[in-house]
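Following: one structure in structure tokens, then a few remarks.
Here the structure is a predicted model, which means the values were calculated and not measured.
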Amino acid sequence: MWKKSSAVVLSSVLLAGVLASSSDAAVATKNVQVKYNNVKVTYNGQLVPTDIEPFLINGTTYIPLRMMAGVFNKNVAWDGNTYTVSVTDKEDPRIATLQAEIALKDARIAELEKKLKDAEDKLAKAEDDDVDDRIEELEDDLNYDYGDYEDLEWSIYLSGDEDEIEVEIEVDLDEYQDEYDDLSTRDIERLVENICNDIWDEFEDADIDGVIIDIADDDELHDFYGDADSGDIELDGKEI
């Protein structure tokens with residue numbers, strides 16, 4: 001069972017045991033006794049074939065490095081000039097395939113996200129356009145209903161969105177000063193109430209912020225506020 005060799009050159013050999021080594025190791029030739037004892041190597045229960053039979057030296061098992069590199073999917077290179085064995089990772093073709101699949105999926109996801117964003121933008125624009133149209137129609141209705149309130153000429157302008165509507169009511173006191181002076185506080189309150197309630201009929205969640213302006217002198221005559229949550233309306237800071 002013993003085979004002897006006066007000198008053994010271990011090319012492409014992995015030390016399965018532990019041998020002392022360092023970058024400053026001495027270079028020398030030694031005679032060793034090699035023991036072959038039908039050493040087998042298995043990986044996950046499967047026998048690993050090799051052209052070079054593993055052997056033992058002083059109780060340490062030596063097996064071919066290239067054999068184990070194949071098991072662990074590594075590349076092995078030998079530099080005869082520097083007596084250096086280089087072990088590097090071997091590219092797994094499955095990884096490249098998976099990476100390509102992931103790249104395709106990422107591109108598809110990006111495409112779908114762009115389509116979704118475009119659809120959301122179009123929907124938001126359509127909703128904004130719809131709100132603008134509703135505000136414009138409501139403004140026409142208010143002017144039709146209250147444009148000649150109490151025999152004065154009022155101009156009502158709306159702006160904003162579903163959450164907040166701004167109202168500007170204009171009157172020319174150069175022309176309607178006497179008629180305006182004949183109005184009672186309750187008349188002004190009723191005008192503001194009617195306008196706020198009509199706005200809430202169309203935009204029930206919108207707070208209302210409004211002013212009544214004399215366009216002749218650009219003076220603010222009254223300000224009012226409507227709270228959509230409570231339904232309370234204030235004129236000049238006092239609840240109606």
Side-chain angles (χ1 to χ4, degrees), residues 101-240:
E101 292 177 356
I102 291 172
L104 287 175
K105 291 184 183 296
D106 287 344
R108 180 58 176 163
I109 290 172
E111 179 184 357
L112 292 174
E113 287 178 341
K114 183 179 183 304
K115 289 182 178 179
L116 177 61
K117 180 65 167 58
D118 290 343
E120 290 175 341
D121 290 344
K122 288 181 180 178
L123 180 60
K125 184 178 184 304
E127 290 176 346
D128 289 342
D129 291 344
D130 181 57
V131 170
D132 291 341
D133 290 342
R134 290 166 59 194
I135 290 177
E136 185 176 342
E137 291 176 6
L138 178 59
E139 181 181 280
D140 291 341
D141 291 341
L142 293 176
N143 279 286
Y144 179 81
D145 292 336
Y146 308 109
D148 59 353
Y149 179 74
E150 296 294 338
D151 297 326
L152 280 78
E153 184 175 332
W154 308 86
S155 297
I156 303 168
Y157 300 97
L158 304 181
S159 61
D161 53 34
E162 292 177 300
D163 297 321
E164 184 175 3
I165 300 292
E166 295 181 358
V167 184
E168 184 172 307
I169 304 173
E170 296 179 355
V171 62
D172 185 351
L173 296 190
D174 271 356
E175 185 173 352
Y176 293 100
Q177 183 68 61
D178 292 340
E179 292 85 349
Y180 184 82
D181 290 341
D182 289 340
L183 294 176
S184 67
T185 301
R186 183 57 191 151
D187 290 332
I188 299 297
E189 289 177 347
R190 189 162 53 249
L191 174 63
V192 170
E193 281 180 326
N194 289 340
I195 289 175
C196 287
N197 287 325
D198 285 358
I199 291 173
W200 282 331
D201 285 342
E202 182 65 29
F203 299 98
E204 61 180 357
D205 296 324
D207 292 328
I208 300 170
D209 196 3
V211 292
I212 300 176
I213 294 177
D214 170 19
I215 59 174
D217 294 326
D218 196 26
D219 288 337
E220 181 178 310
L221 304 174
H222 301 279
D223 64 78
F224 58 93
Y225 175 77
D227 188 305
D229 290 335
S230 65
D232 294 337
I233 301 172
E234 294 180 357
L235 177 65
D236 297 330
K238 296 181 180 180
E239 186 175 342
I240 299 176

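Annotation for Val211 and Phe224: closest pair N-CE2, 3.6 Å, computed over non-hydrogen atoms. The minimum heavy-atom distance between Ile233 and Glu193, with the atom names listed, is CD1-CA, 4.0 Å. Residue Ile188 comes nearest to Ile212 through the heavy atom pair CG2-CD1, 3.9 Å, listed as atom of the first residue, atom of the second, then distance. Residues Tyr146 and Asn194 approach most closely at OH-CB, 3.3 Å, considering heavy atoms. Nearest heavy-atom pair across Ala228 and Ala206 is CB-O, 3.3 Å. Between Tyr176 and Asp151, the closest heavy-atom pair is CE2-O, 3.9 Å.
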Where do Phe203 and Ile208 land on the side chain to side chain contact (heavy atoms under 4.5 Å, CB included) test, with the steps shown first?
CA-CA 10 Å; Phe203 299 98; Ile208 300 170; over 6 Å; no

Quick one: do Glu111 and Lys115 satisfy salt bridge (charged side-chain N to carboxylate O under 4.0 Å, His left out)? Show the steps, please.
CA-CA 6 Å; Glu111 179 184 357; Lys115 289 182 178 179; 3.5 Å; yes

Intermediate values then yes/no, salt bridge (charged side-chain N to carboxylate O under 4.0 Å, His left out), Asp118 and Lys114
CA-CA 6 Å; Asp118 290 343; Lys114 183 179 183 304; 3.1 Å; yes

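Between Ile109 and Leu112, every side-chain heavy-atom pair lies at or beyond the 4.5 Å cut-off. Here the side chains of Glu220 and Asp223 are in contact, with some heavy-atom distance below 4.5 Å. In this structure, Leu142 and Ile199 have side chains that are in contact, with non-hydrogen atoms separated by less than 4.5 Å. Proximity of Tyr149 to Arg190: side-chain heavy atoms (C-beta onward) are separated by under 4.5 Å at one or more points. Taking the side chain as every heavy atom from C-beta outward, Asp145 and Asp198 approach each other to under 4.5 Å.
Atom-to-atom distance recorded for Asp172:CG and Ser155:OG is 9.5 Å, nearest 0.5 angstrom. Note that the CG atom of Leu191 and the CZ atom of Arg186 stand 11.0 Å from one another [nearest 0.5 Å]. With rounding to the nearest 0.5 Å, the separation of NZ in Lys105 from CZ in Arg108 is 11.0 Å. Taking NE2 from His222 and CD1 from Ile213, the interatomic distance works out to 12.0 Å, rounded to the nearest 0.5 Å.
Remark: side-chain polar atoms of Asp187 are paired, donor with acceptor, to backbone N or O of Ser184 under 3.5 angstrom. Checking side-chain atoms of Asp219 against main-chain N and O of Leu221 turns up no donor-acceptor pair under 3.5 Å.
By the side chain to side chain donor-acceptor pair (under 3.5 Å) test, Tyr225 is found to be paired with no residue, residues two or more places apart in sequence or in another chain being considered.
Heavy atoms of other residues, nucleotides or ligands lying less than 6.0 angstrom from CG of Asp181 number more than 12. Within a 6.0 Å radius of CG in Asp218, no more than 12 heavy atoms belonging to other residues, nucleotides or ligands are found. The number of heavy-atom neighbours closer than 6.0 Å to CD of Glu136, taken from other residues, nucleotides and ligands shown, is 12 or below.
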Show every donor-acceptor pair shorter than 3.5 Å between a side-chain atom in residues 156-171 and any protein atom, with sequence neighbours excluded, or say none if there are none.
unit_1	atom_1	unit_2	atom_2	d
Asp161	OD1	Asp163	N	2.9
Asp161	OD1	Glu164	N	3.0

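Residue pairs that meet the side chain to side chain donor-acceptor pair (under 3.5 Å) test with at least one member in residues 199-210, sequence neighbours left out, are Arg134-Glu202.
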